*Asks:* 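I'd like to ask you about the structure that follows.
Residue numbers start at 1 and run along the sequence shown. Because the structure is a prediction, the values reported are computed rather than measured.
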Amino acid sequence: MDYEIDILPIAKPRMTQRDRWAKREPVLRYQAYAQELKLKTARINLDPHCLSLTFILPMASSWSNGKKVLMEGLPHLQKPDLSNLVKAYEDALWQNDSGIYKYINVAKYWGYKGKIIIRN
């Protein structure tokens, strides 16, 4: 079953003990992302053991329409890296993500809107 979550995927920032009391902007952005992702997946019965994830990252608004048409659906080869997107996803939804033993497919592509496609 495929689930499309309309959300701007972000990478997990590097956090320190200091972030508990001195909140930095990247940490606040990640926490808001985690809360929104939890809300949007609350009614979905996800099997955390075996997943396929596709991250769609939005194209820059400054790009021309022609460039957007050319880039839509192509692999996203820039930051954020895929491993940090996956880490943010795992940590947002599962306190103990050690139960995830297999990712069937994980990828990131360009798109008009940010979203995460989950195949279970």
Side-chain angles (χ1 to χ4, degrees):
M1 177 140 249
D2 288 1
Y3 301 102
E4 283 192 22
I5 314 296
D6 289 327
I7 191 169
L8 175 63
I10 65 166
K12 176 126 188 215
R14 186 172 304 235
M15 291 192 270
T16 64
Q17 293 291 329
R18 185 170 186 241
D19 288 322
R20 289 185 179 176
W21 67 87
K23 302 289 185 186
R24 294 178 298 130
E25 184 60 32
V27 174
L28 293 173
R29 228 181 6 252
Y30 166 72
Q31 289 171 344
Y33 163 78
Q35 286 179 337
E36 184 179 357
L37 189 58
K38 283 179 192 174
L39 287 173
K40 290 186 174 190
T41 59
R43 294 195 172 136
I44 299 173
N45 186 18
L46 294 176
D47 176 14
H49 302 296
C50 187
L51 294 171
S52 174
L53 297 172
T54 303
F55 297 95
I56 307 297
L57 293 141
M59 295 177 269
S61 59
S62 61
W63 287 5
S64 68
N65 287 336
K67 184 175 181 178
K68 288 180 181 180
V69 168
L70 289 174
M71 295 299 287
E72 184 183 21
L74 290 180
H76 185 280
L77 303 174
Q78 300 173 356
K79 286 186 178 184
D81 26 307
L82 188 58
S83 60
N84 289 339
L85 290 170
V86 171
K87 184 69 174 158
Y89 171 84
E90 291 172 345
D91 289 349
L93 293 184
W94 290 287
Q95 285 193 294
N96 184 6
D97 53 6
S98 63
I100 301 171
Y101 72 93
K102 180 179 180 182
Y103 281 109
I104 299 168
N105 185 26
V106 180
K108 62 178 183 164
Y109 296 100
W110 289 109
Y112 284 98
K113 286 179 23 178
K115 62 182 161 185
I116 301 172
I117 302 168
I118 306 168
R119 288 180 190 89
N120 221 334

*Asks:* Please go through Leu28's hydrophobic cluster and name the other residues, only I, L, V, M, F, W, Y counting, with side-chain heavy atoms under 4.5 Å joining them.
*Replies:*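 Traced through the cluster, Leu28 reaches no other member.
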*Asks:* Minimum heavy-atom separation for Ala92 and Lys38, please, with both atom names.
*Replies:*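 In this case the closest contact between Ala92 and Lys38 is O-CE, 2.7 Å.
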*Asks:* Can you name the side chain to side chain contact (heavy atoms under 4.5 Å, CB included) partners of Leu70, sequence neighbours left out?
*Replies:*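 If we apply the side chain to side chain contact (heavy atoms under 4.5 Å, CB included) test to Leu70, skipping adjacent residues, there are no hits.
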*Asks:* Write down the atom of Ile10, the atom of Ala88, and the distance for their closest heavy-atom approach.
*Replies:*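 Heavy atoms only, the tightest pair is O-CB, 3.3 Å.
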*Asks:* Examine Leu93 and Tyr103 and state if one hydrophobic cluster contains both, with Ile, Leu, Val, Met, Phe, Trp and Tyr joined whenever side-chain heavy atoms are less than 4.5 Å apart.
*Replies:*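 Looking at the clustering, Tyr103 is in the same group as Leu93.
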*Asks:* Can you name the nearest heavy-atom pair linking Ala11 to Leu85, along with the distance?
*Replies:*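 Where Ala11 meets Leu85 most closely, the heavy atoms are N-CD2, 3.8 Å.
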*Asks:* Using the test salt bridge (charged side-chain N to carboxylate O under 4.0 Å, His left out), find all partners of Lys115 that sit at least two apart in sequence or belong to another chain.
*Replies:*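 Glu4.
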*Asks:* Using the salt bridge (charged side-chain N to carboxylate O under 4.0 Å, His left out) criterion, which residues pair with Asp91? Sequence neighbours excluded.
*Replies:*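 Result, salt bridge (charged side-chain N to carboxylate O under 4.0 Å, His left out) vs Asp91: Lys12, Lys87.
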*Asks:* Any chain of hydrophobic side-chain contacts (each under 4.5 Å) joining Tyr109 to Val106?
*Replies:*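 Not linked; separate clusters.
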*Asks:* What are the two closest non-hydrogen atoms of Gly111 and Ile56, and how far apart are they?
*Replies:*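 In this case the closest contact between Gly111 and Ile56 is CA-CG2, 3.6 Å.
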*Asks:* Do the side chains of Ile5 and Ile44 get nearer than 4.5 Å, heavy atoms only?
*Replies:*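 When only atoms from C-beta onward are counted, Ile5 and Ile44 do touch, with a gap below 4.5 Å.
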*Asks:* Return yes when atom CG of Asn105 has more than 12 non-hydrogen atoms of other residues, nucleotides or ligands closer than 6.0 Å, and no otherwise.
*Replies:*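 Above 12, so yes.
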*Asks:* Tell me which pairs pass ring pair (Phe, Tyr, Trp, His ring centres under 6.0 Å) where either residue lies in residues 24-47, with sequence neighbours left out.
*Replies:*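 Sorted pair list comes back empty.
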*Asks:* Could you tell me if the side chain of Leu53 sits less than 4.5 Å from the side chain of Ile117, heavy atoms only?
*Replies:*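 A side-chain contact under 4.5 Å is absent here.
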*Asks:* Between OG1 of Thr41 and CG of Leu39, what distance do you get to the nearest 0.5 Å?
*Replies:*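 So the OG1 of Thr41 and the CG of Leu39 are separated by 8.0 Å.
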*Asks:* Using the test side chain to side chain contact (heavy atoms under 4.5 Å, CB included), find all partners of Pro26 that sit at least two apart in sequence or belong to another chain.
*Replies:*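 So Pro26 forms a side chain to side chain contact (heavy atoms under 4.5 Å, CB included) with Pro13, Arg24, Arg29.
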*Asks:* Taking salt bridge (Lys or Arg N to Asp or Glu O under 4.0 Å) as the cut-off, I'd like each qualifying pair that reaches into residues 57-79, sequence neighbours left out, listed once.
*Replies:*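 Listed by first then second residue: nothing to list.
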*Asks:* Sequence neighbours excluded, which residues qualify as salt bridge (charged side-chain N to carboxylate O under 4.0 Å, His left out) partners of Lys23?
*Replies:*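 Checked Lys23 against salt bridge (charged side-chain N to carboxylate O under 4.0 Å, His left out); zero matches.
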*Asks:* Between Phe55 and Tyr3, is there shared hydrophobic-cluster membership here, with clusters defined by ILVMFWY side-chain heavy atoms closer than 4.5 Å?
*Replies:*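 Yes, one cluster joins them.
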*Asks:* Taking side chain to side chain contact (heavy atoms under 4.5 Å, CB included) as the definition, give me every residue that meets it alongside Gln35, ordered by chain and number, with sequence neighbours left out.
*Replies:*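 With sequence neighbours excluded, Gln35 shows a side chain to side chain contact (heavy atoms under 4.5 Å, CB included) to no residue whatsoever.
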*Asks:* Could you list the residues that satisfy side-chain hydrogen bond (donor to acceptor under 3.5 Å, both in side chains) with Thr54, not counting sequence neighbours?
*Replies:*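 Result, side-chain hydrogen bond (donor to acceptor under 3.5 Å, both in side chains) vs Thr54: Arg119.
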*Asks:* Kindly write out the residues that satisfy salt bridge (charged side-chain N to carboxylate O under 4.0 Å, His left out) with Lys40, not counting sequence neighbours, or none if the list is empty.
*Replies:*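 Salt bridge (charged side-chain N to carboxylate O under 4.0 Å, His left out) list for Lys40, sorted by chain: Glu36.
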*Asks:* Can you list the other members of the hydrophobic cluster that holds Leu74, where links are side-chain heavy atoms under 4.5 angstrom apart?
*Replies:*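 Besides Leu74, the hydrophobic cluster comprises Met59, Trp63, Val69, Met71, Trp110, Tyr112, listed by chain and residue number.
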